[in-house]
Amino acid sequence: MDRIVITLPDGTELEYPRGVTAEQVAKDISPRLYKEALAARVNGKVVDLATPLEEDSQLEVLTFDSEEGRRVFRHSSSHILAQAVKRLYPEAKFAIGPAIENGFYYDFDVPESFTPQDLEKIEAEMKKIIAADYPIVREEVSREEALAYFAGRGEKYKEELIRDLPPDVPVSLYRQGDFVDLCAGPHVPSTGKIKAVKLTSVAGAYWRGDEKREMLQRIYGTSFPRQKELDEHLRMLEEAARRDHRKLGRELDLFSIHEEGPGFPFFHPKGMIIRNELESFWREVHLSRGYQEIKTPIILREDLWKQSGHWDHYKENMYFTEIDEQGYAIKPMNCPGGILIYKSRPHSYREFPLRLAELGLVHRHELSGVLHGLMRVRSFTQDDAHIFMLPEQIKDEIMGVIDLTDYLYRIFGFDYHVELSTKPEKAMGSEEDWEMATRALREALEEKGIEYKVNEGDGAFYGPKIDFHLKDCLGRTWQCGTIQLDFQMPERFELEYTGEDGEKHRPVMIHRTCLGSIERFIGILIEHYAGAFPTWLAPVQVKILPITDRHLPYSRRLAQRLKEARIRVEVDERNEKVGYKIREAQLNKIPYMLIIGDKEVEEGTVSVRSRSQGDLGAMEADRFLELLKGEIEAKAAS
RNA sequence: GCCGACGUAGCUCAAUUGGCAGAGCAGCUGACUUGUAAUCAGCAGGUUACCGGUUCGAGUCCGGUCGUCGGCUCCA
């Protein structure tokens, strides 16, 4: 009766008196596990190690090696941060302090914002708290007690949090030394577990993410169980910074952005090659999948945007101009233009699904603080398409777009995740339409067996959407592909088709992008490949390096031959040592270097050096060309 | 837009408490005719982001504007 059975992940069953703690069990399993234990998963729920086990349980001891273990570790780190801030700035009010990917943050309301010097002081204080190794103890209290405690200390944010808690959940506090915080937990057993900690940055952040509310000071940090791991993490961040597309874009002469046009990127000749290769591949794939390409104007009359709903729902993001005393808008989206093409003649159900694709240049007024290299700009080219169809074609079409997007991303070896966004507060259309549209998207995802995250209220103003997100070098995710189902525009523009029954009906419309914006996608590509593009995308595919100027004529003839085979080739004719030329070609991340000296001229060969594998030795020029063409044709990842 | 940091040559960075704006790389010129990641020498390069102020004197201190960076909010 007072003994319970604890089942470990490997199936081992252990018998214990009722009320034993996970900590005790860990100690018995192995001293090493006990030392590394941070929390425990008991019957699926993550709890403190000190939680008494009251019934037969599945038990998993969590360490830093697990996702949940890391979350608990970082979350406890944020409490140590809060305690340090409390000691140094007693007047600080506390908001929230969660674990995030690779670290944690805590939001504070302080009269003056923190400086980098403050961070050093706070970090030093945190180290004292860690050295003191305070036990972290959970207490459950009533809402009234909790409210009284925090209200009495002027902790208005905590007070608000408690008031917003669902009435049935217990309110828990965590205490470490002189510091008490409202927190659901769980936490590591004591502050000494956090061996290595580093505060990384300060930033402003709105309370509850609402720009109308207080601006708080957010301190970001990260922590690890060993100093070595922290150092490794910091080293990886430095490594990642070397892949930054803004840095590589300048170094490789791909694009630039100027003060004269913040958020309006300029593409240089080498950047244009990547862009054009990408676009021609895109065209090929779309034409083969039943899309037709269109192009619509950038400037269109104001009344069009009133009719589309953009005037009411998107005006603050739009640019306007005037022509002959008439108001015009610069398009922020391509849909109204596509719709005008649709409306230019009558349609039959037999044409459906009608897939009209457009590489459309749109302009959007984004807030100055959000601009970021090519990732967030104010003018960009969407690989857009509008699909007009029968309601019963919706699911197949959505699945077709999912397939197409997956196909495109796989070519580049991208990992992505998918989100489903539902009806926002300011939206057009009836509740029923939204429900139907959202259900169609959800069903398509489920039928495809794709995992997705739901973003409530994040849809476009005319319909719900599925978004595809890709990661940049620092792990920040950017929305690229999107599929948006729209019942509103067809209604507003009174779109029609003649059905099988000879009557007029209203078509359904999908807005979709796969790459998203060409600019953003190129930004992601640059970081993904760290500038070393696969040969099919590389601005210069082959650099010919003559050893002396007597090898120039052969080099030039060779270059001519490669050019005729449509290879992007350059000859380094400068009077420099071959080591110097190699170094430069290597830094420019050119896939192949051909070294040409007396031997090669005599034998009609080329000495091939690959940027990734180094010296490959000599081969017949024809043989090299064949291999190269094969690699380009296959769009091989290099 | 909001919070904070930053802005010196094309790039990366120096310049004591306010006291003559400097280096490496890149560029140009010349010599060297070179075999798998940097040959040597010389030359040139600046309204220290912009506007204003304090001061005998401002890259440095103060105010404003613009831009960039990290976040927040927003979104492809």
Side-chain angles (χ1 to χ4, degrees), chain A residues 105 107 112-116 118-119 200-220 244 246-247 250-251 253 256-263 314 316-317 332-333 360 362 364-377 379-384 421 458 460 465 467-470 474 476 478-482 484 511-521 523-524 545-552 574-587 593-600 607-611 614-618:
Chain A
Y105 68 78
D107 285 345
E112 286 187 27
S113 37
F114 295 116
T115 64
D118 293 337
L119 285 200
T200 48
S201 63
V202 232
Y206 300 107
W207 168 234
R208 298 203 146 177
D210 184 343
E211 60 184 326
K212 289 178 195 68
R213 305 204 58 182
E214 294 89 336
M215 170 70 71
L216 307 172
Q217 290 289 309
R218 174 171 299 177
I219 298 180
Y220 284 92
D244 192 308
R246 292 165 298 187
K247 183 175 153 68
R250 186 178 55 238
E251 288 173 358
D253 200 15
S256 56
I257 302 178
H258 305 265
E259 285 205 13
E260 290 81 352
Y314 209 71
E316 65 282 10
N317 280 297
M333 295 187 195
V362 298
R364 297 183 182 176
H365 178 74
E366 297 294 342
L367 296 176
S368 58
V370 308
L371 301 178
H372 183 93
L374 291 180
M375 301 297 199
R376 180 165 285 103
V377 289
S379 77
F380 57 101
T381 305
Q382 290 183 301
D383 70 316
D384 215 342
S421 298
D458 245 7
K465 57 179 189 166
D467 294 324
F468 296 81
H469 294 252
L470 297 174
L474 289 174
R476 296 177 289 210
W478 299 92
Q479 183 187 322
C480 290
T482 181
Q484 308 175 351
H511 311 237
R512 53 111 278 195
T513 65
C514 295
L515 309 181
S517 110
I518 302 292
E519 289 76 5
R520 177 178 289 180
F521 199 79
I524 301 266
L545 310 180
I547 289 173
T548 75
D549 49 14
R550 69 175 174 275
H551 308 117
L552 272 177
R574 292 172 309 172
N575 195 354
E576 294 290 351
K577 286 190 172 173
V578 75
Y580 181 88
K581 294 181 181 181
I582 286 170
R583 178 181 156 82
E584 195 168 284
Q586 193 76 37
L587 290 174
M593 290 155 253
L594 301 181
I595 288 112
I596 305 300
D598 290 336
K599 213 163 39 171
E600 288 74 17
S607 276
V608 183
R609 183 187 165 96
S610 131
R611 81 180 156 202
D615 192 353
L616 299 181

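We name chains A, B, ... by the order of the sequence lines, and we start the count at 1 in each one. All heavy atoms count here, side chains included; hydrogens, waters and symmetry mates do not.
Between Arg208(A) and Asp210(A) there is no salt bridge, since none of the side-chain N atoms of the basic residue sits less than 4.0 Å from a carboxylate O of the acidic one. Residues Arg550(A) and Asp598(A) are paired through a salt bridge, judged by an N-O separation under 4.0 Å between the basic side chain and the carboxylate. The pair Arg583(A)-Glu576(A) does not count as a salt bridge, with every side-chain nitrogen at least 4.0 angstrom from each carboxylate oxygen.
In the displayed structure, Glu112(A) atom CD is contacted under 6.0 Å by at most 12 heavy atoms of other residues, nucleotides or ligands.
Note: NE2 (His551(A)) to C1' (U36(B)) measures 15 Å, nearest angstrom. If you take CG of Asp107(A) and C1' of G71(B), they are 10 Å apart, rounded to a whole angstrom. In this structure, Asp615(A) atom CG and G35(B) atom C1' are separated by 9 Å, rounded to whole Å. The interatomic distance linking Glu576(A) (CD) with G35(B) (P) rounds to 13 Å, in whole Å. Counting to the nearest Å, the P atom of A5(B) and the CD atom of Glu112(A) are 11 Å from each other. Lys247(A) places its NZ atom 7 Å from the P atom of U12(B), with the value rounded to the nearest Å. Look at CG on Asp253(A): it is 12 Å from C1' on C11(B), rounded to the nearest Å. Distance, Arg550(A) CZ to U33(B) P: 11 Å, rounded to whole Å.
Base pairing annotation: A5(B) forms a Watson-Crick or G-U wobble pair with U68(B), both donor-acceptor distances under 3.5 Å. In this structure, A23(B) forms a base pair with U12(B), meeting either the Watson-Crick or the G-U wobble geometry with both donor-acceptor distances under 3.5 Å. Pairing for U39(B) goes to A31(B), judged as Watson-Crick or G-U wobble with the two contacts each under 3.5 Å. When both distances must be under 3.5 Å, the Watson-Crick or G-U wobble mate of C74(B) does not exist.
Within the nucleic acid shown, Gly597(A) comes within 4.0 Å of at least one base atom, counting heavy atoms only. Among the atoms of the strands shown, base atoms are found under 4.0 Å from some heavy atom of Val377(A). Within 4.0 Å of Ser607(A), counting heavy atoms only, lies at least one base atom of the nucleic acid. Lys581(A) comes within contact range of no nucleotide atom at all, as no heavy-atom separation falls under 4.0 Å. Among the heavy atoms of the strands, none lies under 4.0 Å from Glu214(A). At a threshold of 4.0 angstrom between heavy atoms, the contacts of Glu519(A) with the nucleic acid are absent. Residue Arg218(A) is classed as a sugar-phosphate contact, given heavy-atom separations below 4.0 Å to backbone atoms only. Among the protein residues, Asp598(A) comes within range of the nucleic acid bases, having at least one heavy atom under 4.0 Å from a base atom. Nucleic acid contact for Tyr220(A): sugar-phosphate only, since backbone atoms but no base atoms lie under 4.0 Å from a heavy atom of the residue. Contacts of Gly369(A) with the nucleic acid, taken as non-hydrogen atoms under 4.0 Å apart, include base atoms.
Along RNA chain B, the nucleotide nearest to Trp478(A) and the one nearest to Ala203(A) differ in position, and the one closer to the 5' end is contacted by Ala203(A). Taking for each of Glu259(A) and His469(A) the nucleotide of RNA chain B with the nearest heavy atom, the 5'-most of the two is the partner of Glu259(A).
Applying the 4.0 Å criterion to OP1 and OP2 of U73(B), one finds that Arg376(A) has every side-chain N and O outside that range. For the OP1/OP2 pair of A76(B) and a distance below 4.0 Å, the side-chain nitrogens and oxygens of Arg512(A) include no atom meeting the criterion. Of the side-chain N and O atoms in His372(A), one or more sit less than 4.0 angstrom from OP1 or OP2 of G70(B). Dashed line: the shortest gap from a side-chain N or O of Gln479(A) to OP1 or OP2 of C74(B) is not under 4.0 Å. For Ser368(A), a side-chain nitrogen or oxygen approaches OP1 or OP2 of G1(B) to under 4.0 Å. Look at Ser113(A) and you'll find a side-chain N or O under 4.0 angstrom from OP1 or OP2 of G4(B). Note on Lys465(A): a side-chain N or O is less than 4.0 Å away from OP1 or OP2 of A76(B).
Comparing C66(B), A76(B), A37(B) by their closest approach to the side chain of Leu587(A) singles out A37(B). Distances from the side chain of Arg250(A) to the nucleotides U73(B), G71(B), C11(B) place C11(B) closest. Side-chain proximity of Arg476(A) to U73(B), G70(B), A76(B): nearest is G70(B). Checking A76(B), G35(B), G27(B) against every side-chain atom of Tyr580(A), the shortest atom distance belongs to G27(B). Closest to the Ile595(A) side chain, of the nucleotides C3(B), U73(B), G35(B), is G35(B). Taking the side chain of Val578(A) as heavy atoms from C-beta on, and the options A76(B), G70(B), G35(B), the nearest nucleotide is G35(B). In this structure, the nucleotide among A38(B), C75(B), C69(B) sitting nearest to the side chain of Arg364(A) is C75(B). Picking from U39(B), U73(B), A37(B) the nucleotide with the shortest atom distance to the side chain of Lys577(A) gives U39(B). You'll find that the side chain of Val370(A) is closest to G1(B), out of G1(B), C75(B), C69(B). Taking the side chain of Pro262(A) as heavy atoms from C-beta on, and the options C74(B), U68(B), U33(B), the nearest nucleotide is U68(B).
Here, C6(B) and U65(B) have their C1' atoms 16 Å apart, quoted to the whole Å. On the P atoms, C61(B) is 8 Å away from G18(B), given to the nearest whole Å. Rounded to whole Å, the separation between the C1' atoms of A15(B) and A37(B) comes to 33 Å. Rounded to the nearest Å, the gap between the C1' atom of G59(B) and that of U39(B) is 37 Å. Comparing the same atom, P, in G24(B) and in G1(B) gives a spacing of 41 Å after rounding to whole Å. Atom C1' of U47(B) sits at a distance of 13 Å from the matching atom of A21(B), rounded to the whole Å. If you take atom P in C25(B) and the same atom in G57(B), they sit 39 Å apart, rounded to whole Å. For G30(B) and C69(B), the P atoms lie 40 Å apart once the distance is rounded to whole Å.
A donor-acceptor pair under 3.5 Å is formed between the side chain of Thr200(A) and the backbone N or O of Tyr220(A). Judged purely by atom type and a 3.5 angstrom limit, Arg213(A) has no side-chain atom pairing as donor or acceptor with the backbone of Tyr206(A). Judged by distance alone, with hydrogens and angles left aside, the side-chain atoms of Asp383(A) form a donor-acceptor pair with the main-chain N or O of Cys514(A) at under 3.5 Å.
Side-chain N/O atoms of Glu600(A) and base N/O atoms of G35(B) include a donor-acceptor pair closer than 3.5 Å. Contact of Tyr206(A) with G71(B) (side chain to base): no donor-acceptor pair of N or O atoms is detected under 3.5 Å.
The two residues Trp478(A) and His372(A) come nearest to each other via the heavy atoms CZ2-CD2, 3.9 Å. The heavy-atom pair separating His469(A) from Asp467(A) by the smallest distance is NE2-CB, 3.4 Å.
Using a 3.5 Å distance cut-off with no hydrogens or angles, the side chains of Glu600(A) and Ser607(A) do pair a donor with an acceptor.
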